[in-house]
Amino acid sequence: IGGAVTNTKKPFLGMPAPLGYVPGLGRGATGFTTRSDIGPARDANDPVDDRHAPPGKRTVGDQMKKNQDDDDEDLNDTNYDEFNGYAGSLFSSGPYEKDDEEADAIYAALDKRMDERRKERRELREKEEIEKYRMERPKIQQQFSDLKRKLAEVSEEEWLSIPEVGDARNKRQRNPRYEKLTPVPDSFFSKHLQTGENHTTVDPLQGLGGLNTPYPGSMTPGLMTPGTGELDMRKIGQARNTLMDMRLSQVSDSVSGQTVVDPKGYLTDLNSMIPTHGGDISDIKKARLLLKSVRETNPHHPPAWIASARLEEVTGKLQVARNLIMKGTEMCPKSEDVWLEAARLQPGDTAKAVVAQAVRHLPQSVRIYIRAAELETDVRAKKRVLRKALENVSKSVRLWKTAVELEEPEDARIMLSRAVECCPTSVELWLALARLETYENARRVLNKARENIPTDRHIWITAAKLEEANGNTQMVDKIIDRAITSLRANGVEINREQWIQDAEECDKAGSVATCQAVIRAVIGIGIEEEDRKHTWMEDADSCVAHGALECARAIYAHALQVFPSKKSVWLRAAYFEKNHGTRESLEALLQRAVAHCPKAEVLWLMGAKSKWLAEDVPAARSILALAFQANPNSEEIWLAAVKLESENNEYERARRLLAKARSSAPTARVFMKSVKLEWVLGNIEAAQELCTEALKHYEDFPKLWMMRGQIEEQCENMDKAREAYNQGLKKCPHSVPLWLLLSRLEERVGQLTRARAILEKARLKNPQSPELWLESVRLEFRAGLKNIANTLMAKALQECPNSGILWAEAVFLEARPQRKTKSVDALKKCEHDPHVLLAVAKLFWSERKITKAREWFLRTVKIEPDLGDAWALFYKFELQHGTEEQQEEVRKRCENAEPRHGELWCAESKHVLNWQKKTGEILAQVASKIKNTF
């Protein structure tokens, strides 16, 4: 039986359970929890078994809460990511093994690599986004920066006079009962430290200031009883104040309230600790480490040593930089750059020693020799260094040039003769030697130079200059022609622009014949036949702009030879001579011009005017007579002849000429000039008859109607004048000056309503007319209705937004504080309008900004020299604020410009009493009538 029992014994009994075995799992006996599993039931407030548990863990409830917090996942919004979800690991509670660690390291390396790949781009994008955000939403500090800057202008008195900010809280909040405390003074403690006596009186000083604290944070003066105890608190306070005074006196100067502590200097004292280039310290450390690894990896790499030394230099560690670069010279003794950097970083004498050492290692280095010469302060020492250098490096042009510059002319000539032997291909050395030699020797030198360097143009040009300087001008053209031929034969491309630049340089150097010869030789090279005229005119303008007048003259002369019948070329040449030449050269040119272009009236008139201005009236008459033969019945020549006679007080001759012109070449202008002549001479009836006759033939010519009305106005016949203007407007409804004259006539007789109606009708007939809008605005302003004037101006600027005269008027319609803003708007709309520029100049004048006003006046007359008002205001300005020379200059420039337009100018220049006055007289007259009321 025992054997049977033994045989039926289960084989696993007494053996250890296999790994992962759970009793009862196979028959489903799981999930039961008994009291023995969890222990006895305990209240949340029962103490834990650990007697020394920290606060917060001393009860069962605290422990359970802590365990629950540990198990719960953190579902806070800050822990949520759109891509990854909530942070944390699913298996954080499991064991962390070696393969987990390896996996984490691999993922971390991948993340780091991916981050580095996109780091630069991401940082750049973030920087741009931050800048964009800052631009859209600037900080409060940036928004108030302009106001902060203005605080610098506030004086101390103004600052102290700023009232304190009131407290907007209610009375109960401002004065809470529990805060009514009176600080006890130190004297009280010192008095009663040992004694127990009581005080029943208040110190009289408190009656002055009350119990309120005068400044926030300070104590009310209390009972000033001298202390009798051993611990005197008052004396302690005095000692503290004395110590503070001593410290302050160390940094204060004699002027009260100022200190000698320089806020900028205080910070610049820290330069040795703070990198001056403004980089991050961590970046410097990285750069230093990187350069160190480069130096260690490749110690014979010169840029690594130079970069390391410069990094230390910019971070303020000069001695470290010097040590590094000197080590670099040991590692790279054949590097020029390292030696030069070492010489730069070392102080004077040490630098010389470094350079001497460099010369021993690099005896052929030109840059080191030049640096050695620069380090010497004495000229003789410099010469000695350079001569030593030339012994070793005789082929260096730079060394020869540097050495020659230090020598006297005779020694320089000897050195240059040796230099050209050593460096026969250097043009500069040959030319320098030629300049120092005599005429004969210079010719020989230049011939030798041509043999050695047959491809350089400068030698040929210098040879031409040499011949011109010695009077052989006939040789100049031959030399330049031979130069072109020789250079082409040697395969040199003739660059037209370079040769013209050389000609300009010759012009500036005074070699006129050479300059003209060069221009003649190269002006036609590389230009298509149809482009010649246009290109040559541009070249001439370019030469004038560069100040090379002889070059421009040569270009015009060549163009006139090629295009002798082109009126535009003759005109350009004539204007050039008028502006930059003499009267004789202008007249000679015009004589040739009218011979080639006899039908060009303007050339005849320029010639006659030149003679007239020279007060040679008979010659002017003869030129006009020849012009009549070439251009019979020409209106311009008829009127020029009339003007010549009337200006010279030959009124009968002028009348006869006008009568002939009316019979042979009747035009509206001839009739107008006839009426004007009789009017200015006082023959009103003859003028009226001529006007009536003219209007029968030319009723659509508005100037005749204007003259008729003005003659009637002068005779005080207002009804006839009104009738003349009305008839004229029926025939010429689009003549703005006629509408203005009629409106002003009605205003003068007191009919403001009628004047307004006329201007409104004119604006309907002539929309977008700035002159009519301007007159409407001024009409209301003169009538004292400024509000209506402003309204009209706003409408005018809507209809004519780019009108300069309207913007100029709008600036001065504003009150003084708003004028500057209005002028900025005007400049935005009409940047180059002379009226706007003139308004800005007047604005600066009114603010007494003299220099700026002068600049804007100059800008105005440069943009529009024909605007007489600008010249008159400029002259008035100089009369008040300028010197006599400045006044004279403005007057001369005005006379040369001969302005014809401008409201104020025309009012004087076209007045019948001023018909014979010259430009200078009219300028003075207009300036005298200008009042500084703007």
Side-chain angles (χ1 to χ4, degrees), residues 672 675-676 678-680 682 684-685 687-688 691-692 695 701-766 769-793 796 805-806 808-809 812-813 868-869 872 901-915 917 922 925-926 928-931 933-934:
M672 184 188 75
V675 174
K676 181 76 182 286
E678 299 298 342
W679 184 15
V680 297
I684 303 296
E685 291 181 4
Q688 287 173 330
C691 198
T692 306
L695 285 170
F701 190 64
K703 286 190 177 181
L704 289 170
W705 293 107
M706 288 182 221
M707 292 174 80
R708 184 173 185 176
Q710 285 173 325
I711 291 170
E712 297 296 350
E713 271 192 71
Q714 187 179 332
C715 299
E716 299 294 331
N717 297 328
M718 298 302 175
D719 293 334
K720 288 186 177 179
R722 187 184 292 116
E723 185 185 346
Y725 292 144
N726 281 319
Q727 285 180 352
L729 286 170
K730 286 176 185 175
K731 303 292 182 184
C732 316
H734 300 297
S735 171
V736 172
L738 263 175
W739 287 106
L740 296 178
L741 284 169
L742 181 56
S743 163
R744 285 169 189 165
L745 174 67
E746 298 297 353
E747 185 186 359
R748 196 176 300 119
V749 297
Q751 298 288 339
L752 281 176
T753 309
R754 193 178 289 177
R756 283 193 196 101
I758 288 165
L759 287 171
E760 283 180 19
K761 188 177 179 183
R763 293 201 300 273
L764 288 172
K765 297 265 186 185
N766 303 280
S769 171
E771 291 82 6
L772 292 170
W773 277 109
L774 182 63
E775 185 63 25
S776 301
V777 171
R778 287 180 177 172
L779 177 70
E780 303 301 343
F781 192 80
R782 287 192 293 263
L785 304 170
K786 193 172 179 184
N787 291 337
I788 298 177
N790 284 324
T791 308
L792 276 173
M793 179 58 79
I805 54 172
L806 286 175
E809 188 74 16
F812 289 97
L813 273 181
D869 289 4
H901 295 92
E903 190 178 359
L904 303 172
W905 185 269
C906 290
E908 294 299 319
S909 64
K910 297 200 174 184
H911 198 279
V912 288
L913 301 176
N914 303 330
W915 71 286
K917 288 187 177 176
I922 293 171
Q925 194 166 335
V926 176
S928 67
K929 293 194 176 182
I930 293 172
K931 301 287 187 293
T933 53
F934 40 80

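- N726 meets the side chain to side chain donor-acceptor pair (under 3.5 Å) test with no other residue; sequence neighbours excluded.
- You'll find the side chain of W739 reaches within 4.5 Å of the side chain of K761, heavy atoms only.
- Side-chain contact check for R763 versus K765: every heavy-atom pair is 4.5 Å or farther apart.
- In this structure, the side chains of R756 and E780 come closer than 4.5 Å at one or more pairs of heavy atoms.
- The nearest pair of heavy atoms linking S928 to K931 is O-NZ, 4.1 Å.
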Quiz prompt | Step-by-step side chain to side chain contact (heavy atoms under 4.5 Å, CB included) determination, S735 to M706 | solution = CA-CA 10 Å; S735 171; M706 288 182 221; 3.7 Å; yes
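- Between W905 and D869 the shortest heavy-atom distance is N-OD1, 2.8 Å.
- Among all heavy-atom pairs drawn from A872 and V926, the shortest one is CB-CG1, 3.3 Å.
- Residues Q688 and R708 are not in side-chain contact: their nearest non-hydrogen atoms beyond the backbone lie 4.5 Å or more apart.
- The two residues L704 and M672 make their nearest non-hydrogen contact at CD2-CA, 4.0 Å.
- The heavy-atom pair separating L738 from P702 by the smallest distance is CD1-CB, 4.1 Å.
- R778 and E809 are joined by a salt bridge, as a carboxylate oxygen and a charged side-chain nitrogen come within less than 4.0 angstrom of each other.
- Among all heavy-atom pairs drawn from G709 and A721, the shortest one is O-CB, 3.5 Å.
- Summarising the geometry, atom OG1 belonging to T791 is positioned 12.0 Å from atom NZ belonging to K786; distances are rounded to the nearest 0.5 Å.
- The pair K720-E713 does not count as a salt bridge, with every side-chain nitrogen at least 4.0 angstrom from each carboxylate oxygen.
- Atom CE of M707 and atom CH2 of W679 lie 6.0 Å apart (nearest 0.5 Å).
- A 4.5 Å side-chain heavy-atom check between R782 and E747 finds at least one atom pair inside the cut-off.
- Of the possible polar contacts, none joining the N914 side chain to the S909 backbone as a donor-acceptor pair under 3.5 Å is found.
- Note that CD of E775 is 8.5 Å distant from CG of L772, once rounded to the nearest 0.5 Å.
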Exercise. Assess whether side chain to side chain contact (heavy atoms under 4.5 Å, CB included) is satisfied between Q714 and V912, documenting all intermediate values.
Key: CA-CA 10 Å; Q714 187 179 332; V912 288; 4.2 Å; yes
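- Of the charged side-chain nitrogens involved, none lies within less than 4.0 Å of a carboxylate oxygen, so that E908 and K917 do not count as a salt-bridged pair.
- With values rounded to the nearest 0.5 angstrom, L792 atom CG is found 11.0 Å from L774 atom CG.
- Interatomic distance, CZ of F781 versus CG of N790, reported as 8.5 Å (0.5 Å rounding).
- The closest side-chain heavy-atom distance from Y725 to Q710 is below 4.5 Å.
- Checked against side chain to side chain contact (heavy atoms under 4.5 Å, CB included), E746 has the following partners two or more places apart in sequence or in another chain: R722, L742, V749, Q751, R754, A755, I758.
- The backbone N or O of N766 sits nowhere less than 3.5 Å from a side-chain atom of S769 that would complete a donor-acceptor pair.
- Here CD of E678 is found 10.0 Å from CD1 of I684. Values are rounded to the nearest 0.5 Å.
- Residues V675 and I711 have side chains in contact (heavy-atom distance under 4.5 Å, counting atoms from C-beta outward).
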